[in-house]
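Working notes for the structure below.
Below, chain A is the first sequence line, B the second, and so on; all start at residue 1. The structure displayed is predicted, hence computed values, not measured ones.
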Amino acid sequence: KQEVTQIPAALSVPEGENLVLNCSFTDSAIYNLQWFRQDPGKGLTSLLLIQSSQREQTSGRLNASLDKSSGRSTLYIAASQPGDSATYLCAVSGSGNTPLVFGKGTRLSVIA
Amino acid sequence: DGGITQSPKYLFRKEGQNVTLSCEQNLNHDAMYWYRQDPGQGLRLIYYSQIVNDFQKGDIAEGYSVSREKKESFPLTVTSAQKNPTAFYLCASTYNRDTEAFFGQGTRLTVV
């Protein structure tokens, strides 16, 4: 059964710092990996989608990488801002059109 | 604007009551999903449907029921058999396995 782990569980950084969030998964036979952002009491917003054949995706200050063979993904946030404060979740979908399996998330606080 | 609408935002249930959470999407997505989120936990899959009139159990289906009579709608009923229903419920949809998942804003259910 696929398991997704996110480290660290919480992170606090000063504004302007570059940071990396980590995601690992136990079964490398994934179809794609997605990173989401969740603000308190809200739904999830998709940030980046990486297909299993891709190595990375970029959107603005965000860059996500995928190493399927080692079961790892990272989300790099450049020049962090207080508005980046949220919980970031990683999720993978397996072969056979299986639904997304989520990690528990990393709660990020960017301090002005 | 296209999106997913969940209602109500807050719901209170008395012991022994069944309650139904609404999820409607106008994105023309085939697949729809229900997840449950508890504090400190990741999202756990309750039920999903990949096509009208068909649905599958997720990891924690006991005490829940769903229907998919229309492509746009995927209501979730929390029955009295669900012993610990207090949680944040999230509905999601996808067009196909190659595209990102869209989430509603969630329903917070509390047992009183």
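The part of B:Tyr35 that comes within reach of chain A is its side chain, from C-beta onward, which places non-hydrogen atoms under 4.5 angstrom from that chain. Residue B:Gln6: no heavy atom, backbone or side chain, is found under 4.5 Å from chain A. Heavy atoms closer than 4.5 Å to chain A are found in the side chain of B:Asp59, but not in its backbone. For a residue to count as touching a neighbouring chain, one of its non-hydrogen atoms must lie under 4.5 Å from one of that chain's; by this rule A:Gln6 does not touch chain B. In this structure, the portion of B:Leu90 lying under 4.5 Å from any heavy atom of chain A is its side chain and not its backbone. For B:Arg44, no part sits under 4.5 Å from any heavy atom of chain A, backbone or side chain. Proximity to chain A is limited to the backbone of B:Thr99, based on heavy atoms less than 4.5 angstrom apart. Residue contact with chain B, scored on non-hydrogen atoms closer than 4.5 Å, involves the side chain of A:Leu89 exclusively. For A:Leu48, no part lies near chain B; criterion is any non-hydrogen pair under 4.5 Å.
Aromatic ring centroids of B:Phe74 and B:Phe55 lie 6.0 Å or more apart. The six-membered or imidazole ring of A:Phe36 lies near that of A:Phe102, with a centre-to-centre distance under 6.0 Å.
Rounding to the nearest 0.5 Å places CD of B:Gln82 at 7.5 Å from CZ of B:Arg13.
Between the side chains of B:Thr77 and B:Thr20, a donor-acceptor pair is found at a separation under 3.5 Å. Checked by atom type, the side-chain pair A:Asn22/A:Thr74 shows no donor-acceptor distance below 3.5 Å. No hydrogens or angles considered: nothing links the side chains of B:Tyr47 and B:Ser65 as a donor-acceptor pair under 3.5 Å.
The pair B:Lys71-B:Asp30 meets the salt-bridge criterion, with a side-chain N (NZ, NE, NH1 or NH2) lying under 4.0 Å from an Asp/Glu carboxylate O.
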